[in-house]
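Chain letters run A, B, ... following the sequence lines, proteins first, then strands; residues in each count from 1.
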Amino acid sequence: MDFDDTPDEAAWRSRVRSFLEEHRDELGRRSDQRGFDDQAARRHQAVLYDGGLVGVTWPTDAGGQGGTPMQQAIVDQELARADVAGLINLIGIGMCGPTVIYHGSEDQKSRYLRRLLRAEDVWCQLFSEPASGSDLAALRTKAVRTEDGSWRISGQKVWTTLAHLADYGILLTRTDPDVAKHRGLTMFVVDMKAPGVTVRPLRQMSGGADFNEVFFDDVVVPDSERLGEVGDGWRVALTTLMSERLSLGGGGTEIGASATSVAEHVAAHLDGLPEGRRALVRQQLGRSYVGALANRYTGYRLLSKLSKGELPGPEASAGKLAGTQVARDLADLAVRVLGDDAAYAATADGSRSWQDLQAVLPGMAIAGGTNEVLRNIIGERVLGLPAEPRADKGITFKESLASARA
Amino acid sequence: MDFDDTPDEAAWRSRVRSFLEEHRDELGRRSDQRGFDDQAARRHQAVLYDGGLVGVTWPTDAGGQGGTPMQQAIVDQELARADVAGLINLIGIGMCGPTVIYHGSEDQKSRYLRRLLRAEDVWCQLFSEPASGSDLAALRTKAVRTEDGSWRISGQKVWTTLAHLADYGILLTRTDPDVAKHRGLTMFVVDMKAPGVTVRPLRQMSGGADFNEVFFDDVVVPDSERLGEVGDGWRVALTTLMSERLSLGGGGTEIGASATSVAEHVAAHLDGLPEGRRALVRQQLGRSYVGALANRYTGYRLLSKLSKGELPGPEASAGKLAGTQVARDLADLAVRVLGDDAAYAATADGSRSWQDLQAVLPGMAIAGGTNEVLRNIIGERVLGLPAEPRADKGITFKESLASARA
Amino acid sequence: MNFDLDDEQRDLAAAARDFLTDAASPADSRAALDDGAPVRPGRTALVESGFATITVPEAAGGGGGSVLDLAVVAEQAGRVLAGPSLVTFARAAVLLAGDHERLAALADGSLVVAVVDGSGPVIDAAGADRFLVLRGDDIVLAGGRATVRDAIDPTRGLGDVTLADADAEVVAADARLRWEHAERVGRVVLAAEGLGAASRALEIGVEYAQQRLAFGRAIGSYQAVKHALVDVYVQVEQLRSLVWWAAWAADQAPDELPLAAAAVKAASATTLEQAAETLVQVHGGIGFTWEHDAHLFWRRAKVDRFLLGDDVDAYDEVARLAVAQVSA
Amino acid sequence: MNFDLDDEQRDLAAAARDFLTDAASPADSRAALDDGAPVRPGRTALVESGFATITVPEAAGGGGGSVLDLAVVAEQAGRVLAGPSLVTFARAAVLLAGDHERLAALADGSLVVAVVDGSGPVIDAAGADRFLVLRGDDIVLAGGRATVRDAIDPTRGLGDVTLADADAEVVAADARLRWEHAERVGRVVLAAEGLGAASRALEIGVEYAQQRLAFGRAIGSYQAVKHALVDVYVQVEQLRSLVWWAAWAADQAPDELPLAAAAVKAASATTLEQAAETLVQVHGGIGFTWEHDAHLFWRRAKVDRFLLGDDVDAYDEVARLAVAQVSA
């Protein structure tokens with residue numbers, strides 16, 4: 001057991017590190033507090049792509065490096081270490097691109113993949129709908145075939161990250177309401193600038209707008225933009241979701257604030273408190289700090305699997321469950337020690353980071369799978385506990401709509 | 001709003017109190033640590049019955065007083081206040097007797113009810129089985145009609161309080177496995193001294209044996225001991241369970257240790273601790289003490305309903321949920337402050353009350369309805385949330401057994 | 001035993017609910033966040049309604065009611081996240097007791113006051129131009145300047161206050177006990193507002209869980225959702241019992257008030273926080289959008305827990321009082 | 001990055017499991033409660049197996065292995081609630097480091113030792129006749145008399161010890177740091193035993209939830225049961241990561257050991273307690289019977305949380321170390 005790189009990993013890390021040092025000034029900074037510039041972000045990603053640091057695990061004929069998940073994890077670590085801003089096309093790389101690789105035509109692959117990796121096109125993923133969150137297959141966005149063989153699409157998607165900047169999206173639609181709900185779905189690539197596509201930012205409780213609603217109003221999509229067979233959309237979507245999990249990569253990274261930064265913050269406020277209160281603060285810090293340590297080393301176990309070429313299974317969901325809980329405990333403590341400032345949106349000296357964090361975290365326990373759904377996944381696929389009986393089994397989508405209205 | 005008795009209640013209380021004072025020496029003491037003497041306990045109940053303090057809410061023609069639930073609650077309070085030991089036939093009075101009153105023949109009523117109230121006969125309730133806990137209707141004890149019209153009963157019951165002392169029991173059996181599980185049940189009165197009845201004490205994790213297993217091995221029960229119609233046992237059992245809830249009466253009573261006694265215990269140990277640790281102990285005490293206060297006043301709201309002649313609904317289950325949790329928190333604190341003695345079964349001076357309490361409480365969160373079942377009841381019957389789909393709907397008991405084995 | 005509201009109090013609750021659901025709503029809280037719109041119903045409407053000054057004697061133009069009456073109203077105010085807080089009026093009515101003129105000014109709205117504690121945010125600093133404060137053992141009414149700051153919950157009108165000492169008049173000398181009593185009454189009313197907010201949050205969560213479908217059935221049929229809502233229900237009912245007790249103690253049993261006020265302050269903070277977190281969680285994605293009301297209850301919870309002492313200190317106080325009681 | 005057990009350690013785990021499942025079981029813990037039967041496998045069998053003295057150098061007749069090796073074995077010991085604890089051997093091996101003769105006596109079973117801390121129950125006092133103790137800054141081996149007392153968990157051999165000072169020999173002078181190191185290694189091994197007990201408790205709970213039916217389906221299909229077990233699973237895996245880290249730190253990174261040992265002690269106490277409570281709860285009525293194993297895991301949890309410092313102190317220590325680290 002050791003925490004060191006293998007010789008191969010060390011060589012790769014050193015290559016990555018020197019590239020980042022050399023090109024530091026051409027890349028954005030994570031810690032940069034100025035407003036987001038998407039054109040700059042596209043340029044930064046292109047620089048990284050040209051250095052071989054984007055699409056590390058993608059096959060070479062898709063424009064990638066044919067590398068290992070561990071190499072990707074090392075890139076992630078080094079990007080974080082060098083304070084390089086996150087890639088603008090993360091969703092494209094992690095979810096949309098792999099879906100095109102598995103299910104796209106040769107024509108689609110050649111048109112889209114390399115441009116995606118260089119962020120010449122930015123992509124988004126259009127799955128969730130207002131009436132289908134955890135139950136994705138209940139979606140209603142309708143695609144109807146027209147006489148010329150193209151598709152006419154109407155409906156509404158929601159929780160779409162980057163839709164306002166995206167050039168393309170992968171779009172899951174219902175093409176047949178008269179079969180069971182998982183069977184009537186079809187996936188498309190959609191041009192986000194096409195007539196009939198409207199994007200509206202969706203503001204969150206924290207005040208930020210990291211998501212969008214997207215409305216499709218008789219949007220025409222040629223049949224050549226279909227991904228996979230008609231009616232096979234659910235299987236295609238599973239590829240997307242599986243890729244999402246694999247793209248997580250960086251084990252041991254912290255959700256929300258780092259435990260160390262909270263410890264620093266607490267340390268700065270501890271002296272002013274009476275000993276009794278200090279003991280209570282320490283108890284809360286100790287509990288969440290142990291949680292943060294446990295998450296870090298559980299992440300290292302995941303990385304070790306990657307390092308051996310194994311892929312993470314559903315047990316990786318445990319990291320999100322534990323991570324969001326630790327993040328909430330830490331944020332709560334960080335706000336509490338602000339004392340008289342804790343009820344305000346910003347401290348007297350204008351810092352609002354802890355209060356903002358507090359308002360972002362409830363959403364993180366929901367986005368990317370609610371805690372309830374993650375617990376079901378672990379319970380059923382890791383512990384082998386039986387699934388619940390399904391109320392929507394053996395009926396068509398149309399019937400399920402009718403019974404819902406009843 | 002006030003916590004005082006109405007004039008009627010005050011008059012009743014004063015009558016109860018003087019009776020108890022007058023007959024104090026003829027009654028057992030709750031705080032008496034000596035072994036349990038069931039013959040004495042029967043005599044004590046007879047004294048109380050003769051004073052009109054047993055079966056307060058029972059109709060007069062059943063041997064009761066025709067009184068109100070509030071009168072019963074006042075009796076309970078005064079018995080506690082006077083340190084009078086609990087009635088031996090509490091289950092008989094609260095559950096078995098009412099079932100006979102509602103569903104028994106005139107002959108059964110005249111033979112059983114008055115003797116039950118005077119504890120000339122002690123009763124038990126034989127519902128739960130090893131394979132049917134929360135899902136009571138899944139029980140398997142079989143009653144088969146013989147040629148002479150009597151019934152031959154075989155099977156096993158469990159969690160039967162007092163079975164080892166009881167003279168009679170009400171026994172829920174399956175008389176028809178070929179109908180849906182709720183429909184094939186029939187209730188009987190069974191003579192606990194009849195041939196074929198075997199009682200075995202069931203030891204709990206605390207070391208105590210408050211329950212029994214009861215085995216029925218071709219026990220013959222005459223048809224005249226049937227309670228209600230053949231196949232109507234589920235409805236009869238609901239009477240029993242409903243009566244149990246109504247018989248709870250005493251709102252605001254504490255489960256496990258009283259918060260005051262824990263506060264006393266904590267106070268005695270607080271001085272030896274450093275201030276930081278004292279603050280942590282106070283925080284734990286404060287949280288559970290608030291819970292105990294809330295339980296007390298929620299109980300008073302229940303009593304106030306009784307006082308107005310209203311009956312408690314399913315919301316009364318909240319008291320058990322909250323009460324067992326508070327009791328566990330308090331017991332945990334009480335054990336913790338024992339310091340070096342906390343890991344032992346008894347303190348250096350031989351007291352084992354807190355450790356014993358700690359070992360009893362997990363069972364209390366299960367007996368009388370698991371927390372999960374209570375939450376379902378409140379969720380569905382108080383909040384109006386929908387029930388889960390039932391996997392055992394529309395199939396016969398026999399089919400459900402077969403599918404369970406598959 | 002009659003530990004229940006009486007018919008008059010039920011009528012009062014219904015009347016307060018009618019007025020308050022007309023005059024305020026969580027949407028007003030959102031508007032205050034969006035563009036600094038004034039909180040609703042606002043001081044004037046609250047005073048004119050008479051609900052704010054229920055505990056001011058009738059002779060001074062108030063309602064001549066009890067703290068329990070005010071708590072019944074405060075629960076309704078909490079349901080719609082109304083502002084300013086009835087806490088401010090409740091405390092002022094106690095602090096000005098016997099001072100006919102100033103009480104009348106409180107009741108007719110000409111005295112626009114906030115109560116300033118040792119440190120920390122001043123509730124309803126927004127708009128106030130006179131401030132009640134403890135100086136030594138005297139209760140003082142002083143002018144001053146309030147600086148309202150962006151709060152996590154805008155409806156509390158939180159701000160810092162700089163007192164203008166030149167202007168200060170002693171309202172009651174040697175009155176530390178009265179100050180403490182007022183603070184405790186304030187905690188009871190704060191908890192009653194918390195009760196209202198928590199029980200409304202529960203209602204919204206239950207309604208959604210009854211309607212929203214996932215995998216072919218209402219999400220409220222799933223135990224994870226159902227049990228989370230039940231746990232909130234149990235806590236809300238426990239809190240209701242404590243609010244009634246504490247309000248009754250404020251009126252009838254001053255000896256019990258210190259323990260009751262600390263207990264109800266702590267329970268209210270814990271319960272409202274759990275109710276609001278559950279409300280967000282039960283709603284899934286929609287629950288953390290700006291346009292949904294869930295975060296407005298959540299904001300109230302995140303702020304209220306720190307007002308009139310925080311929950312941690314309140315639990316500590318309960319324990320100290322409990323230990324003192326058994327050691328006496 | 002290779003944060004995983006290697007093949008040799010997996011083989012060691014399998015061998016330990018074979019030996020320990022033969023040599024001990026929760027039923028032995030029940031027998032010890034019932035009639036004071038000796039704990040199993042017992043000191044002699046453990047020493048003979050070689051597993052107990054893995055960390056004693058080969059030259060002295062031990063296994064010459066690492067703390068991580070011992071932790072791997074300790075996890076298996078925890079699964080069957082084996083006694084005496086490997087903590088005792090682990091600490092003794094550190095305290096006697098360099099003392100060839102006494103280490104050999106530990107490894108051949110002729111030295112029957114327990115480690116005595118400042119106050120509190122002595123682990124494996126049962127049967128011991130020599131005691132390691134810190135006197136000033138010296139590590140001392142002394143005779144003494146152990147009074148075994150009824151413990152909530154009988155397998156820990158807890159007792160009070162009266163030392164016979166006349167008999168005391170200094171084992172290592174001026175060795176406070178070594179004493180502290182030994183205590184930390186003890187915490188790591190205790191946590192590894194806790195990991196084994198917790199993961200076994202989880203397994204038993206999962207098996208029952210898969211088989212037991214209620215209302216026509218397995219109770220593990222209900223979210224209340226499923227999610228409770230998942231929460232335990234998540235905690236157990238988190239604990240496993242901490243145990244590996246802390247054991248690795250004991251062997252390879254002494255600077256990290258203070259934080260790691262405190263963290264793993266705390267996490268182990270919390271995790272085992274939740275695992276055991278869940279085990280009881282998931283089993284319903286059968287779960288709180290004497291004959292079911294659930295309470296034996298519950299007893300282990302209720303005792304272990306207080307050994308080598310309690311969980312509350314361990315969390316406090318983590319916080320102090322974390323704050324000191326960022327303040328340095």
Side-chain angles (χ1 to χ4, degrees), chain A residues 1-6 9 70 73-74 251 259-268 270 279 281-287 289-291 293-301 303-308 315 318-319 321-322 371-372 374-380 382-389, chain D residues 1-6 9 66 68 202-203 205-206 209-210 216-223 225-227 229-231 233-235 237-248 251-253 259-260 262-264 266-267 270 312 314-327:
Chain A
M1 183 176 291
D2 62 67
F3 294 93
D4 303 332
D5 286 332
T6 64
E9 288 163 10
M70 190 62 198
I74 288 172
T260 307
S261 68
V262 173
E264 279 169 11
H265 169 70
V266 166
L270 212 50
V281 168
R282 283 197 307 267
Q283 195 66 197
Q284 190 175 355
L285 176 63
R287 285 177 190 267
Y289 204 85
V290 168
L293 289 169
N295 284 341
R296 180 193 301 167
Y297 289 98
T298 303
Y300 289 166
R301 285 168 61 200
L303 280 183
S304 303
K305 279 196 161 187
L306 290 182
S307 177
K308 286 181 202 154
E315 76 279 3
L321 269 180
N371 286 347
E372 289 74 24
L374 295 179
R375 286 193 176 95
N376 285 346
I377 290 174
I378 296 174
E380 289 157 28
V382 181
L383 298 183
L385 295 169
E388 296 202 67
Chain D
M1 169 80 54
N2 178 27
F3 186 53
D4 196 0
L5 302 182
D6 61 27
Q9 284 152 346
S66 64
L68 180 56
L202 172 63
E203 278 174 25
V206 166
Q210 286 167 332
R217 52 183 171 116
I219 61 170
S221 69
Y222 293 98
Q223 287 186 337
V225 172
K226 181 180 291 175
H227 292 186
L229 290 167
V230 167
D231 287 345
Y233 164 79
V234 172
Q235 277 203 35
E237 289 308 312
Q238 302 278 77
L239 175 59
R240 185 183 308 281
S241 307
L242 290 174
V243 166
W244 288 2
W245 169 48
W248 171 85
D251 293 322
Q252 310 279 343
L259 179 62
V264 81
T270 304
V312 172
Y315 283 118
D316 192 76
E317 195 179 333
V318 168
R320 286 176 190 274
L321 290 168
V323 166
Q325 230 165 43
V326 296
S327 310

Using a strict cut-off of less than 4.0 Å between a Lys/Arg side-chain nitrogen and an Asp/Glu carboxylate oxygen, indicate whether Glu317(D) and Arg282(A) qualify as a salt bridge.
-> no
Pick from Leu259(D), Thr270(D), Ile219(D), Val264(D): which one has the most heavy-atom pairs with chain A under 4.5 Å?
-> Leu259(D)
Go through the side-chain N and O atoms of Asn295(A) and Gln238(D) and say whether any donor and acceptor fall under 3.5 Å apart.
-> yes
What residue, out of Leu68(D), Val312(D), Asp251(D), has the most heavy-atom pairs lying under 4.5 Å from chain A?
-> Val312(D)
Heavy-atom distances under 4.5 Å only: say whether Leu321(A) touches chain D with side chain, backbone, both or neither.
-> side chain
Kindly say whether Thr298(A) contributes a backbone atom to a donor-acceptor pair with the side chain of Glu237(D) at under 3.5 angstrom?
-> no
Closest heavy-atom pair and its distance - Asn2(D), Ser304(A) = C-OG, 3.6 Å
Scanning both residues in full, the closest heavy-atom pair of Ala267(A) with Val326(D) reads CB-CG2, 4.1 Å
Got Arg375(A) and Val234(D) here, is their nearest side-chain heavy-atom distance under 4.5 Å?
-> no
Contact check, side chains of Asp2(A) and Gln252(D), non-hydrogen atoms, under 4.5 Å | no
Output, in order, the C-alpha distance, side-chain angles, deciding distance and verdict of side chain to side chain contact (heavy atoms under 4.5 Å, CB included) for Leu293(A) and Trp245(D).
-> CA-CA 10 Å; Leu293(A) 289 169; Trp245(D) 169 48; 4.0 Å; yes
Find out whether Tyr289(A) and Leu321(D) are in side-chain contact, i.e. whether some heavy atom of one side chain is under 4.5 Å from a heavy atom of the other.
-> no
Tell me, please, which residues at least two apart from Gln223(D) pass side-chain contact (heavy atoms from CB on, under 4.5 Å).
-> Asn376(A), Glu388(A), Tyr222(C), Gln223(C), Ala224(C), His227(D)
